[in-house]
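To keep things clear, I will list the structure first and then write my remarks on it.
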Amino acid sequence: AQSVAQPEDQVNVAEGNPLTVKCTYSVSGNPYLFWYVQYPNRGLQFLLKYITGDNLVKGSYGFEAEFNKSQTSFHLKKPSALVSDSALYFCAVSSPSNDYKLSFGAGTTVTVRA
Amino acid sequence: KAGVTQTPRYLIKTRGQQVTLSCSPISGHRSVSWYQQTPGQGLQFLFEYFSETQRNKGNFPGRFSGRQFSNSRSEMNVSTLELGDSALYLCASSYNDRNWFFGPGTRLTVL
């Protein structure tokens, strides 16, 4: 079985400050890791993924994430948050051993105050 | 390329009715999967189709069913609707099973 944990329901930061959204995972075999963002009444928008290669992955809108195999983590980061980054963020994992089926975390609501 | 499209975007039904939701994948994508999103349960996998065949199914009752057509378009059907079926239903498509692109969802409200 595979699973994702996002330990924080909410993250609040001031605009211009660094933003971190935490994610840990459990999976058999090699993990494929994803971050998606969801704005109100919208679908999921792809931010970035890790499948293989460099542990630091750069994605859309200035976001990046670091794959840490020993800690089974894939935290999302942005050096300087914007008010427009306020949204619901989902971490997801899949694996070849599970037919690439995506399992999502519960989501973290990010609020960036001006 | 156009993104994943889902119709209708909003739907209101009453208990006991049935509903059909439609999903058109990105051109060239042959895999389609469906998810249910609710505040209490989060995002839950419903099923996945590839070349008109269901490859994976989540833990949902038999009232939930789906199919995929030869042009990769997919439909999901929920029969005998219950209040708990109220949710945002998301469709995603992929060309390689590794990158999934999501549609805007269909918001179903069951009264």
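The basis for the numbers below is simple: all heavy atoms, side chains too, and nothing from hydrogens, waters or symmetry mates. A, B, ... follow the sequence lines: proteins, then strands. Residue 1 opens every chain. Note that this is a predicted model, so its numbers are computed, not measured.
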Taking the side chain as everything from C-beta on, heavy atoms only, tell me whether [X] gets closer than 4.5 Å to [Y].
{"X": "A:Q38", "Y": "B:L43", "result": "no"}
{"X": "B:N99", "Y": "A:I51", "result": "yes"}
{"X": "A:L102", "Y": "B:Y35", "result": "yes"}

*Do you know which of B:G58, B:S94, B:P104, B:G105 has the most heavy-atom pairs under 4.5 Å to chain A?*
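Ranked by contacts with chain A, first place is B:P104.
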Among the clusters formed by ILVMFWY side chains lying less than 4.5 Å apart, do [X] and [Y] turn up in the same one?
{"X": "B:V110", "Y": "B:Y10", "value": "no"}
{"X": "B:L88", "Y": "B:I12", "value": "no"}
{"X": "B:I26", "Y": "A:F34", "value": "no"}
{"X": "A:L33", "Y": "A:L56", "value": "no"}
{"X": "A:Y32", "Y": "A:Y50", "value": "no"}

*Roughly how far, to the nearest 0.5 Å, is CZ of A:F46 from CH2 of B:W100?*
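Going from the CH2 atom of B:W100 to the CZ atom of A:F46 covers 13.5 Å.
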_Reported OH-to-CG distance for the pair A:Y100 and B:N56, which is rounded to 0.5 angstrom_ =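 Going from OH on A:Y100 over to CG on B:N56, the span is 12.0 Å.
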*Is it the backbone or the side chain of B:Q37 that comes under 4.5 Å from a heavy atom of chain A, or both, or neither?*
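For B:Q37, the side chain is the part near chain A, not the backbone.
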*Whether over 12 other heavy atoms sit under 6.0 Å from A:N12 CG*: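 Yes, enclosed.
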*asked:* Heavy-atom count check: over 12 atoms from other residues, nucleotides or ligands less than 6.0 Å from A:K22 NZ?
replied: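 Atom NZ in A:K22 is not packed in, count stays at 12 or less.
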*Give the ring-plane orientation class for B:F102 versus A:Y36, where under 30° counts as parallel, over 60° as perpendicular and anything between as tilted.*
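B:F102 vs A:Y36 ring planes: perpendicular.
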*chain B heavy atoms under 4.5 Å from A:Q45: which part of the residue, side chain, backbone, both or neither?*
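Neither part, no heavy atoms under 4.5 Å.
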